[in-house]
2 protein chains.
Amino acid sequence: MSVSVDNFLKNVYLLNQETGSPVTSSHLAGRLEISVAAVTDMARKLGAQGLLDYRPYKALTLMPAGKEVALKIVRKHRLWELFLYEVLKMDLMSVHEEAEKLEHHTSDDLMEHINRFLGHPDFDPHGDPIPGIGGRIPSEKGVVLLREIGEEEACIVAKLRYRNAETSEMYDRFGLKKGIRLKVVRMFPFDGSIEVEFPGGREVVLSEKLAQNIFCIKQ
Amino acid sequence: MSVSVDNFLKNVYLLNQETGSPVTSSHLAGRLEISVAAVTDMARKLGAQGLLDYRPYKALTLMPAGKEVALKIVRKHRLWELFLYEVLKMDLMSVHEEAEKLEHHTSDDLMEHINRFLGHPDFDPHGDPIPGIGGRIPSEKGVVLLREIGEEEACIVAKLRYRNAETSEMYDRFGLKKGIRLKVVRMFPFDGSIEVEFPGGREVVLSEKLAQNIFCIKQ
DNA sequence: TTTTTAGTTTAAGGTTGCTTAAAATCGCTT
DNA sequence: AAGCGATTTTAAGCAACCTTAAACTAAAAA
Ligand SMILES: [Mn+2]
Ligand SMILES: [Mn+2]
Ligand SMILES: [Mn+2]
Ligand SMILES: [Mn+2]
């Protein structure tokens with residue numbers, strides 16, 4: 001299992017989770033920042049190894065063995081993120097980049113030591129569920145997109161999806177953090193933006209694109 | 001800086017430290033478990049980059065820039081070893097293999113978080129000094145090979161050099177650990193083996209080859 | 001149904017880091 | 001000084017992973 005294979009399988013899984021739609025070669029190529037031709041190459045190879053269901057011109061789907069690999073990498077990524085954040089007190093903005101490298105170079109044994117040290121946690125610092133050893137994913141029931149909350153209703157931020165360094169910076173600027181309470185003041189159907197009130201009364205308008213990455217639990 | 005380059009430079013440094021003699025291509029090839037031809041290739045490449053002083057048929061020596069890289073990797077290796085051992089309570093026998101991978105995928109920032117967490121330590125769990133950021137190496141004055149201790153003299157084990165999984169296992173079997181007190185009972189010039197007494201009175205004969213890796217401080 | 005076009009595959013080529021085998025060199029021994 | 005054996009370099013080639021550019025498909029538009 002090379003770093004390239006790890007990342008390929010992991011991102012087929014994540015892309016499918018995030019978009020809920022079939023994963024195409026060009027979609028994945030964009031995500032991995034490699035050429036579409038390189039994706040085709042790798043896809044054929046992983047198909048031959050029984051990790052991926054690859055058929056020319058069709059969407060990419062994981063076979064059970066490939067999903068297992070993907071979930072293990074996701075587990076390692078999220079455990080590392082939590083460890084770096086909670087134990088080593090690293091900046092929330094940098095844990096993702098570090099975990100992105102460490103996830104490929106961590107034995108199962110080391111990972112379990114970290115898991116034990118953390119007390120078998122269920123969620124990473126962004127609020128994403130940490131898959132278990134058997135592949136079970138902690139339930140996120142009640143967690144919905146911010147846009148699902150009605151006007152004048154309050155909610156607790158449960159998850160801030162990591163997309164890139166820039167989004168992290170925006171979360172920081174706005175003071176968006178897992179666990180804080182938001183009240184939805186108004187929704188603007190025109191551009192999908194959402195006005196929210198922070199604890200203390202500060203009111204802010206969030207763009208649709210940013211709000212797409214904010215999940216919370218109704219209160 | 002690739003993993004191959006890291007390992008090349010690190011092992012030129014370590015091999016020179018350990019043997020005190022010039023590092024030849026075949027010597028390094030054996031250590032890295034690659035062919036001598038591969039060493040020549042890489043040496044020429046690193047020579048062109050100003051990291052290594054490479055002249056055909058001559059011994060390999062690090063240039064200042066190369067030594068800096070080497071020391072940084074050694075620092076990361078040893079900090080990781082200590083962290084895995086002291087914080088995560090991993091088996092002393094496995095920390096080396098884990099550190100061998102992590103050392104190449106750890107940012108300076110992450111490393112400093114770990115360094116701070118550990119309280120700026122000077123020695124790794126094997127007793128090896130941890131090079132500082134500026135390249136300064138904590139002094140080991142008073143630390144000598146076990147064979148330098150005279151008969152009937154006592155000493156404290158300061159360093160058990162890691163060579164491979166097998167030596168680690170032998171340390172374990174004999175109960176050899178950093179910090180324990182040994183009394184040298186007898187030296188056998190015939191084969192260089194050394195009889196020592198452990199706390200509690202247990203007496204054991206250590207082969208010359210094993211004793212070569214045991215360092216201690218006279219008491 | 002034919003054409004267009006977006007998306008995918010194939011083809012050819014580059015880089016890194018390794019291999020084995022042949023050729024060259026060094027330095028010691030006769 | 002010549003020869004020999006050990007070491008090192010050179011040469012040729014391979015696998016993994018990537019690239020760009022050309023050829024091909026499939027599915028939507030005309
Ligand atoms: Mn992440
Ligand atoms: Mn995360
Ligand atoms: Mn080590
Ligand atoms: Mn060590």
Side-chain angles (χ1 to χ4, degrees), chain A residues 1-12 15-16 18-63 65-66 69-70 73 100-101 103-105, chain B residues 1-16 19 21-63 65-66 69-70 73 100-101 103-105:
Chain A
M1 262 347 70
S2 68
V3 171
S4 297
V5 170
D6 282 358
N7 282 332
F8 189 103
L9 296 172
K10 182 183 77 161
N11 283 288
V12 171
L15 215 39
N16 178 248
E18 289 168 20
T19 65
S21 49
V23 176
T24 67
S25 296
S26 49
H27 205 173
L28 186 58
R31 172 95 164 204
L32 294 172
E33 304 188 66
I34 60 178
S35 68
V36 181
V39 168
T40 299
D41 255 21
M42 182 66 90
R44 205 201 342 271
K45 198 185 81 177
L46 298 181
Q49 292 176 220
L51 295 166
L52 192 74
D53 183 6
Y54 172 69
R55 294 151 192 235
Y57 296 102
K58 293 278 182 61
L60 306 169
T61 56
L62 294 175
M63 307 244 21
V69 173
I73 302 294
E100 206 58 48
K101 292 181 288 171
E103 63 189 2
H104 311 291
H105 307 282
Chain B
M1 251 7 50
S2 67
V3 171
S4 297
V5 169
D6 282 357
N7 282 332
F8 189 103
L9 296 172
K10 183 183 78 163
N11 283 289
V12 171
Y13 174 80
L14 290 177
L15 215 40
N16 178 249
T19 65
S21 47
V23 176
T24 67
S25 296
S26 49
H27 206 172
L28 186 58
R31 174 95 161 203
L32 295 173
E33 301 188 274
I34 60 177
S35 69
V36 181
V39 168
T40 298
D41 256 20
M42 182 66 89
R44 204 199 345 269
K45 198 184 81 178
L46 298 181
Q49 294 179 22
L51 295 165
L52 192 74
D53 183 7
Y54 172 68
R55 296 151 191 235
Y57 298 102
K58 294 279 182 60
L60 306 170
T61 56
L62 294 176
M63 309 255 350
V69 174
I73 302 293
E100 204 60 47
K101 292 181 289 171
E103 63 189 2
H104 310 292
H105 306 281

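To find a chain, count down the sequence lines: A is the first, B the second, and so on, and within it residues start at 1.
- One can place CG of B:Leu60 at 12 Å from C1' of D:dT7, the figure rounded to the nearest angstrom.
- A:Ile73 has its side chain out of reach of A:Leu9: every pair of non-hydrogen atoms, C-beta onward, lies at least 4.5 Å apart.
- Counting only distance, with no hydrogens or angles, the side chain of A:Asn16 and the backbone of A:Val12 share no donor-acceptor pair below 3.5 Å.
- Whole-Å rounding puts the B:Arg55 CZ to C:dC26 P distance at 14 Å.
- For the pair A:Lys45 and D:dC17, the criterion of a side-chain N or O lying under 4.0 Å from OP1 or OP2 is met.
- For D:dT9, the OP1/OP2 oxygens have a side-chain nitrogen or oxygen of B:Tyr54 closer than 4.0 Å.
- One can place CG of B:Asp41 at 13 Å from C1' of C:dT15, the figure rounded to the nearest angstrom.
- Neither OP1 nor OP2 of C:dT8 sits under 4.0 Å from any side-chain N or O of A:Arg44.
- In this structure, A:Leu46 places its CG atom 12 Å from C1' of D:dA16, rounding to the nearest Å.
- Within 6.0 Å of atom NE2 in B:His27, 12 or fewer heavy atoms from other residues, nucleotides or ligands are found, so the atom counts as exposed in its surroundings.
- When the side-chain nitrogen and oxygen atoms of B:Thr24 are compared with OP1 and OP2 of D:dT7, none of them lie within a distance under 4.0 Å.
- Comparing A:Ser2 and A:Pro56 by the nucleotide of DNA chain D whose heavy atom lies nearest to each, the residue mapping closer to the 5' end is A:Ser2.
- For the OP1/OP2 pair of C:dT10 and a distance below 4.0 Å, the side-chain nitrogens and oxygens of A:Thr40 include no atom meeting the criterion.
- D:dT20 atom P lies 12 Å from atom CD1 of A:Ile34, rounded to whole Å.
- For the 3.5 Å distance criterion, the side chains of A:Ser4 and A:Ser2 fail to qualify, holding no donor opposite an acceptor.
- Rounded to whole Å, atom P of D:dA6 lies 23 Å from atom NZ of B:Lys58.
- Close to D:dA6, at under 4.0 Å from its OP1 or OP2, lies no side-chain N or O of B:Ser26.
- If you check every strand for non-hydrogen atoms under 4.0 Å, A:Ser35 touches a base.
- Among the atoms of the strands shown, only primed sugar atoms or phosphate atoms (P, OP1, OP2) are found under 4.0 Å from some heavy atom of A:Ser4.
- Protein atom CD of B:Glu33 is 10 Å distant from nucleotide atom P of C:dT19, rounded to whole Å.
- Within 4.0 Å (heavy atoms only), A:Phe8 reaches no atom of the nucleic acid at all.
- As rounded to whole Å, 13 Å separates atom C1' of C:dT8 from atom CG of A:Leu28.
- Taking the nucleotide of DNA chain D with the nearest heavy atom to each of A:Tyr57 and A:Val3, the more 5' of the two is matched to A:Val3.
- Using a 4.5 Å cut-off on side-chain heavy atoms (C-beta onward), A:Met63 and A:Gln49 make no contact.
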